[in-house]
Trainee: 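What follows is a structure written as structure tokens; I'll ask about it next.
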Protein chains: 2
Amino acid sequence: MTQPEIAKNLKAHRTNLSWSLTKTAAETGVSKAMLGQIERGESSPTIATLWKIATGFHLPLTAFIQAPSPNEFMHFKNGIRFKTLFAFDPILKTEMFAHYLEPHQSQLSAAHDNGVTEDIVVLTGEVEILAAGKWVYLQTGDALRFPADQPHGYRNPTSLPAIFHNIMHYPLLKTP
Amino acid sequence: MTQPEIAKNLKAHRTNLSWSLTKTAAETGVSKAMLGQIERGESSPTIATLWKIATGFHLPLTAFIQAPSPNEFMHFKNGIRFKTLFAFDPILKTEMFAHYLEPHQSQLSAAHDNGVTEDIVVLTGEVEILAAGKWVYLQTGDALRFPADQPHGYRNPTSLPAIFHNIMHYPLLKTP
DNA sequence: AATGCTTGTGCGTTATAACGTACGATGTTA
DNA sequence: TAACATCGTACGTTATAACGCACAAGCATT
């Protein structure tokens, strides 16, 4: 791991919410002078103050220490970034993707063929899944299985990017 | 998230390696006086020094800020930490796990039943998979499918923890 | 143009993180 | 028991994180 870039992360989260330094100082309890210095890289905050900042943003501490990292082999469809991990296999009748959701991004999907089941596992961030008519909230590490033969959808309610795996199961002898 | 307990984490990692404060100071470049104060909770380190400590231990920064008990629903078997994401489903004939490998940890697995296929997707770190008699190197984000009806294994060649998903496909009507 | 408001930065002070060294406690060897 | 080594902590000093306040630049309203 390389040295974390707190400066960029803090500025990204702050401008993402359109917060001023004064507003941020009020929310976090850290003086706006210090916030400015941290953003400019002139100061390396202590864990205590970084924790105050994180809780003020209602975000985990890790959101400020690790760099937002995209990945290789990325594809795009309807504005959704995804990556095919395993293409459809006619014997196993499954396929698997990694999906990347930008902050507040959402996507609806039409019903698939009868009997199709879909699995979701959230890798980073938080995701809401529309399954069986309800939006289900999933945190990092959570997993959800639901029938995909009806309209469903994905959305990222947070201001941080989210990544999830989804595995499609096609029990019938149909190609996706 | 609650306030991170750097003190316990640091002491845990240090005593785990049987390192003295002097040894730790030499490895990390942080004075042993400071290390002692951090362990006793008398000082809240800056991100810069915590990063020096983490790199000295060859661990990610997150190993010191998040509580030592990483996740819920964690199980142990043969010294391997894993988590069942989806239990075996007799209709889909699949099951899915998240595996956690410590630095330099390795595990060999006997052959499964005939026709069983296994999928690996690396989430964090780097992993080597013994498949079809060869060790295959996988980086973060890489995916590998291989027949599991022969001896296979997993190992983490790095000094950082690794996490991977694996999905078992049982095409025959056998329970795992 | 003048007034008020908000933005982010600069400055002086205070609190404390970080350092190097010294010390008492404990354990080991002669 | 004395000499030595190693452990973690206490002390005094220095570097810097964190604060409150003041200030200049930009924008909107009058």
Side-chain angles (χ1 to χ4, degrees), chain A residues 1-68 103-104 159-160, chain B residues 1-68:
Chain A
M1 182 188 266
T2 175
Q3 194 148 15
E5 302 181 11
I6 321 270
K8 293 182 182 175
N9 288 330
L10 173 56
K11 183 146 197 173
H13 288 128
R14 186 173 67 83
T15 57
N16 184 33
L17 295 177
S18 304
W19 279 8
S20 67
L21 286 181
T22 317
K23 165 76 170 174
T24 309
E27 291 290 333
T28 62
V30 177
S31 71
K32 72 172 181 177
M34 179 80 323
L35 292 168
Q37 289 187 30
I38 294 172
E39 276 192 1
R40 274 171 273 138
E42 299 173 10
S43 183
S44 179
T46 63
I47 291 291
T49 59
L50 190 62
W51 181 81
K52 286 163 70 177
I53 295 175
T55 52
F57 276 95
H58 301 285
L59 287 174
L61 241 173
T62 53
F64 292 88
I65 61 173
Q66 56 202 10
H104 304 296
S159 53
L160 287 176
Chain B
M1 182 187 265
T2 174
Q3 193 148 15
E5 302 181 10
I6 321 270
K8 292 181 182 175
N9 288 329
L10 173 55
K11 182 145 198 174
H13 287 127
R14 186 172 68 85
T15 56
N16 185 33
L17 296 177
S18 303
W19 280 7
S20 66
L21 285 183
T22 316
K23 164 78 170 173
T24 309
E27 292 289 333
T28 61
V30 177
S31 72
K32 74 171 180 178
M34 180 82 315
L35 291 168
Q37 288 187 30
I38 294 172
E39 276 192 2
R40 274 171 273 137
E42 299 174 10
S43 182
S44 178
T46 64
I47 291 291
T49 58
L50 190 62
W51 181 83
K52 287 163 69 178
I53 295 174
T55 54
F57 276 95
H58 301 286
L59 287 175
L61 239 172
T62 52
F64 293 88
I65 60 174
Q66 54 201 11

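Note that these values count all heavy atoms, side chains included, but never hydrogens, waters or copies made by symmetry. Each chain gets a letter, A, B and so on, in the order the sequences are listed, and its residues count up from 1. All of these numbers come straight from a predicted model, not from anything done at the bench.
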Trainee: Which protein N or O atoms sit under 3.5 Å from an N or O of nucleotides 15-18 of chain C?
Mentor:
residue, atom, partner, partner atom, Å
C:dA17, OP2, B:S43, OG, 3.3
C:dA17, O5', B:S43, OG, 3.3
C:dA18, OP1, B:T46, N, 3.2
C:dA18, OP1, B:T46, OG1, 2.7
C:dA18, OP1, B:T49, OG1, 2.9

Trainee: The criterion is side-chain hydrogen bond (donor to acceptor under 3.5 Å, both in side chains); which residues satisfy it with B:Q37, sequence neighbours excluded?
Mentor: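 In terms of side-chain hydrogen bond (donor to acceptor under 3.5 Å, both in side chains), with neighbours along the sequence ignored, B:Q37 is linked to no residue.
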Trainee: With sequence neighbours left out, which residue pairs that include part of residues 11-41 of chain B fulfil the ring pair (Phe, Tyr, Trp, His ring centres under 6.0 Å) condition?
Mentor: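 Listed by first then second residue: B:H13-B:F64, B:W19-B:F57.
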Trainee: With sequence neighbours excluded, give me every salt bridge (Lys or Arg N to Asp or Glu O under 4.0 Å) pair touching residues 42-53 of chain B.
Mentor: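 Output for this query lists B:R40-B:E42.
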Trainee: Output the rounded distance in Å from CZ (A:R14) to P (C:dT7).
Mentor: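 Roughly 9 Å, once rounded to whole Å.
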Trainee: Between atom CG in B:L35 and atom P in D:dT9, what is the gap in whole Å?
Mentor: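 Computing the B:L35:CG to D:dT9:P distance gives 11 Å.
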Trainee: Please state how far atom NZ in B:K32 lies from atom P in D:dT9, giving the value in whole angstrom units.
Mentor: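 About 10 Å, once rounded to whole Å.
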Trainee: Can you tell me how far apart CD1 (A:I47) and CD1 (B:I6) are? Round to the nearest 0.5 Å.
Mentor: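 One gets 4.5 Å once the value is rounded to the nearest 0.5 Å.
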Trainee: Using the side-chain hydrogen bond (donor to acceptor under 3.5 Å, both in side chains) criterion, which residues pair with B:T49? Sequence neighbours excluded.
Mentor: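 Testing B:T49 for side-chain hydrogen bond (donor to acceptor under 3.5 Å, both in side chains), a comparison that skips the adjacent residues, returns B:T46.
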Trainee: Dump the pairs, protein N or O against N or O of nucleotides 27-29 of chain D, anything under 3.5 Å, distances to one decimal.
Mentor:
none

Trainee: Once you round it to whole Å, what is the distance between C1' of C:dC11 and CZ of A:R40?
Mentor: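 Going from CZ in A:R40 over to C1' in C:dC11 covers 12 Å.
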Trainee: Rounded to whole angstroms, how far apart are CG on B:L21 and P on C:dA25?
Mentor: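 Answer to the nearest Å: 18 Å.
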Trainee: Would you say A:S43 and A:M34 make side-chain contact, with heavy atoms under 4.5 Å?
Mentor: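 A side-chain contact under 4.5 Å exists here.
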Trainee: Nearest-Å distance, NZ (A:K11) to P (C:dT9)?
Mentor: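 For the pair A:K11 NZ and C:dT9 P, the rounded distance is 6 Å.
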